[in-house]
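Worksheet for the structure shown next.
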Amino acid sequence: MHKEEISKKNLTILYVEDEKSVKTEIATILKLFAKEVIVASNGQEGLDVFKDKSIDLIITDIKMPKLNGFEMLEEITKINKEIPAIILSSSSQAKFIKQANKIDIINDYLLKPIDISTLFEKINKAYKKIQRQKEYESVTKLLEQYKIAVDKSAIFSKTDVDGKITYANKQFCDISGYSIEELLGNSHNLVRHPNNSKEFFKDLWNTIKNEKRVWKGRFKNRAKDGLTYIVDATIVPILNSKDEIDEFIAIRYDVTEGEAYKEFLQEKLFTSQEDAIKSVHLLKEYEHMINISASVVRVDINRNITFANDRLLELLHFEEEIDIIGKELISIVDKNSYDEYEKVFDDILNKGLYRGVLNFCCNSKNGLYNMDFIFRAIKDVDGNIKEFMGIGKNITETINLHKEIEDTQKDVIFSLGTIGEARSKETGNHVKRVAEYSYILATEYGLSQELAELIRLASPMHDIGKVAISDNILNKPGKFTPEEFEIMKEHAKLGHDMLKSSNRQILKASATVAYEHHEKWDGTGYPRGLSGENIHIFGRITAIADVFDALGSNRCYKKAWELDRILNLFKEQREKHFDPKLVDIFFDNLDKFLEIRDKYKDDYEEPEDLEAYR
């Protein structure tokens with residue numbers, strides 16, 4: 001074992017064992033590996049420790065007084081379904097192993113006496129999984145706090161990298177006077193006002209396309225009927241994992257009336273300074289306009305709420321202003337936004353302004369509201385901060401709508417993957433199983449959660465090229481002639497050509513899977529004879545997932561193979577057909593593969609005993 005493998009990890013282990021001599025020995029060994037090891041003598045004590053301490057990994061015996069290991073882990077699962085656990089037991093009885101398989105958090109089952117090298121290996125594996133989970137949770141939390149979207153009162157559109165409109169909401173159609181059919185496929189030049197200079201839009205495009213930065217600004221648009229409207233716009237380039245632009249999202253607020261009214265107020269304020277009563281009245285009117293168009297909150301220098309307008313009170317289900325006045329602002333902020341809450345005041349003090357998304361809690365029912373807020377300090381004539389004022393819009397509905405659209409796109413892509421299978425008289429469960437097998441291999445290989453999820457979505461499209469292969473070849477009940485096999489091999493390139501031109505990340509990944517899932521590690525595959533790591537990892541993963549499922553399934557030209565025969569083939573084809581590292585991962589996680597196979601069984605009549613898998 002390498003030295004770095006036994007260096008101490010930032011890991012807190014709960015070790016539960018009632019046998020004193022074993023407990024002392026194993027605890028001493030674990031302390032070589034973990035920052036902290038907490039020892040408990042029975043299941044009940046272990047459960048109490050888990051409730052009181054922050055634990056990363058559980059290692060436990062089974063047979064113990066009070067609560068046994070299984071009972072303890074079942075209780076812990078009710079608290080935390082993600083905490084990994086390792087069983088150390090002297091019993092190899094099938095009933096115990098079967099019971100362990102029913103508890104999701106159990107990663108491994110090791111028999112006593114323990115091989116220390118194996119124990120370290122399993123802990124190291126669990127540690128890596130814990131680190132990936134923590135990283136994923138951290139990134140997810142950050143993304144949730146910084147998502148930019150709009151509510152039903154905003155103007156929202158999406159464009160591709162060439163500036164062509166791919167989506168526009170109802171508000172865009174209403175204010176511009178154009179139908180959705182007239183907008184889609186056109187650029188925003190359709191609504192550009194001639195008073196905006198070419199240099200203005202040249203700078204805009206340079207910011208979002210070349211510098212890949214968010215652009216904010218205000219400009220005029222012209223509706224279909226010729227009327228002018230003014231928008232306050234934020235345009236965001238959406239980048240994929242390769243730092244390439246996939247699309248642009250534009251969020252606009254109609255400020256036409258506000259701009260006109262502001263000009264009117266400014267004129268009145270500057271020309272009527274001698275009349276203090278009129279000036280105060282105009283300011284009150286301006287404040288009233290803001291209050292009815294957005295949620296407004298003011299807090300003192302101690303961050304206690306001093307004012308909340310009717311729109312904010314109604315949104316958060318407070319009946320009267322007195323119900324919220326005097327409370328600290330953080331009391332109505334969701335705990336997942338606490339870090340962002342602190343950023344509000346840091347940005348105000350350091351940058352003069354805060355703009356971002358905060359999640360607010362509903363007072364009378366379970367629910368959260370995503371609010372796009374601007375905060376700034378209100379100062380007296382001497383420049384001293386007297387209070388803070390925030391103005392925000394509810395963007396919850398738009399964020400939920402955006403997520404629903406993304407989920408629908410994923411469902412459509414998965415459904416496309418069944419087309420090739422249906423033509424070759426295979427069931428939709430084949431692509432489901434291949435997707436889940438691919439996800440397991442990707443995560444255990446060490447790919448990021450984002451890439452693992454991407455291959456789960458892309459792998460169902462591996463045989464989409466079969467739609468272009470004739471039925472008499474595709475469904476031939478027997479081995480292909482050399483000429484027929486050459487035609488059949490074309491489906492890999494055909495699938496790639498169908499998908500390669502898309503700018504969508506999922507379809508690009510699907511094109512790679514379709515092209516390379518028949519390549520072999522030793523270079524004898526098709527269509528390009530790639531070898532080793534020259535084959536994309538997505539192709540190498542899908543190759544194992546597809547072959548395992550194909551061999552274990554009944555097809556029009558063969559019966560399903562027995563499991564032992566399949567496993568022997570994978571052993572023989574390690575470093576020939578398949579990536580050796582992925583084959584090892586496959587065998588290490590065979591129980592998960594079999595569980596998926598049983599979960600998505602095919603209802604398929606067995607064929608006659610034809611020639612072996614082609």
Side-chain angles (χ1 to χ4, degrees), residues 139 142-150 154-169 171-172 175-176 178 182-222 228-255 340 343 347 350-357 372 374 395 398-399 402 405-406 409 448 450-451 454 458 499-512 536:
V139 171
L142 188 63
L143 287 175
E144 289 174 349
Q145 292 172 354
Y146 282 87
K147 277 184 177 178
I148 301 174
V150 291
I155 304 162
F156 176 66
S157 66
K158 294 167 68 174
T159 64
D160 61 21
V161 292
D162 297 320
K164 302 299 183 183
I165 299 172
T166 59
Y167 174 78
N169 69 346
Q171 284 69 37
F172 195 142
I175 195 168
S176 70
Y178 289 98
E182 291 173 310
L183 291 171
L184 293 182
N186 281 305
S187 72
H188 285 91
N189 290 340
L190 196 65
V191 295
R192 180 184 291 183
H193 196 283
N195 287 357
N196 297 311
S197 69
K198 292 182 178 179
E199 290 299 317
F200 175 84
F201 285 103
K202 183 178 179 181
D203 175 70
L204 184 158
W205 273 102
N206 182 61
T207 300
I208 63 175
K209 192 167 186 177
N210 297 330
E211 299 178 10
K212 300 178 181 178
R213 294 190 295 110
V214 175
W215 183 91
K216 297 179 181 180
R218 184 169 292 187
F219 51 81
K220 291 181 179 180
N221 279 340
R222 184 164 63 182
T228 297
Y229 61 96
I230 303 171
V231 293
D232 195 356
T234 300
I235 303 176
V236 184
I238 304 301
L239 307 181
N240 59 29
S241 61
K242 296 180 181 178
D243 202 37
E244 299 168 338
I245 297 174
D246 273 348
E247 60 185 352
F248 301 99
I249 290 180
I251 304 164
R252 306 174 191 80
Y253 293 102
D254 179 15
V255 294
E340 185 71 7
K343 190 174 181 291
D347 280 6
N350 296 321
K351 303 177 183 178
L353 182 75
Y354 164 84
R355 181 164 190 172
V357 178
D372 185 2
I374 296 176
I395 60 174
T398 301
I399 286 179
H402 184 65
I405 291 171
E406 287 182 340
Q409 289 175 341
S448 66
E450 181 183 3
L451 289 177
L454 180 59
L499 305 169
K500 67 179 181 180
S501 299
S502 173
N503 290 321
R504 297 290 180 181
Q505 187 181 25
I506 295 175
L507 293 182
K508 283 182 176 293
S510 299
T512 299
H536 195 285

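- Within the 3.5 Å criterion, the main-chain N or O of K158 finds a donor-acceptor partner in the side chain of T166.
- For the atom pair D246 CG and I238 CD1, the distance stands at 8.5 Å (nearest 0.5 Å).
- Distance check: I208 CD1 to I235 CD1 gives 5.0 Å after rounding to the nearest 0.5 Å.
- Across N186 and E182, no two heavy atoms sit closer than the pair ND2-O, 2.6 Å.
- Using a 4.5 Å cut-off on side-chain heavy atoms (C-beta onward), W215 and D203 make contact.
- Judged by distance alone, with hydrogens and angles left aside, the side-chain atoms of D160 form a donor-acceptor pair with the main-chain N or O of K164 at under 3.5 Å.
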Task: Stepwise side-chain contact (heavy atoms from CB on, under 4.5 Å) test for N189 and F201 - done: CA-CA 10 Å; N189 290 340; F201 285 103; over 6 Å; no

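- Closest heavy-atom contact between Q505 and E450: NE2-OE2, 4.2 Å.
- Within the 4.5 Å cutoff, side-chain heavy atoms of L239 are placed close to those of I245.
- Look at D232 and K216 and you find no salt bridge, because none of the NZ, NE, NH1 or NH2 atoms lies under 4.0 Å from a carboxylate O.
- Using a 4.5 Å cut-off on side-chain heavy atoms (C-beta onward), K508 and K242 make no contact.
- Across all non-hydrogen atoms, the minimal contact from V231 to I155 is CG1-CD1, 4.0 Å.
- Here NE2 of H193 is found 13.0 Å from CZ of F200. Values are rounded to the nearest 0.5 Å.
- To the nearest 0.5 angstrom, R218 atom CZ is 14.0 Å from R252 atom CZ.
- When every heavy atom of W205 is checked against every heavy atom of V161, the shortest pair comes out as CZ3-O, 4.5 Å.
- For K220, the NZ atom sits in a loose shell: 12 or fewer heavy atoms of surrounding residues, nucleotides or ligands are nearer than 6.0 Å.
- Exactly one residue among Y253, Y167, F248 makes a ring pair (Phe, Tyr, Trp, His ring centres under 6.0 Å) with F156. That residue is Y167.
- At a threshold of 4.0 Å, the pair K343-D347 counts as salt-bridged, since one of the basic side-chain nitrogens sits closer than that to a carboxylate oxygen.
- Nearest heavy-atom pair, T159 versus I165, reported as atom, atom and distance to 0.1 Å: CG2-CA, 3.9 Å.
- Aromatic ring centres of F172 and H188 lie closer together than 6.0 Å.
- How far CZ of R213 is from OG1 of T207: 5.0 Å, rounded to the nearest 0.5 Å.
- Note that the CD atom of E247 and the CG atom of D162 stand 13.0 Å from one another [nearest 0.5 Å].
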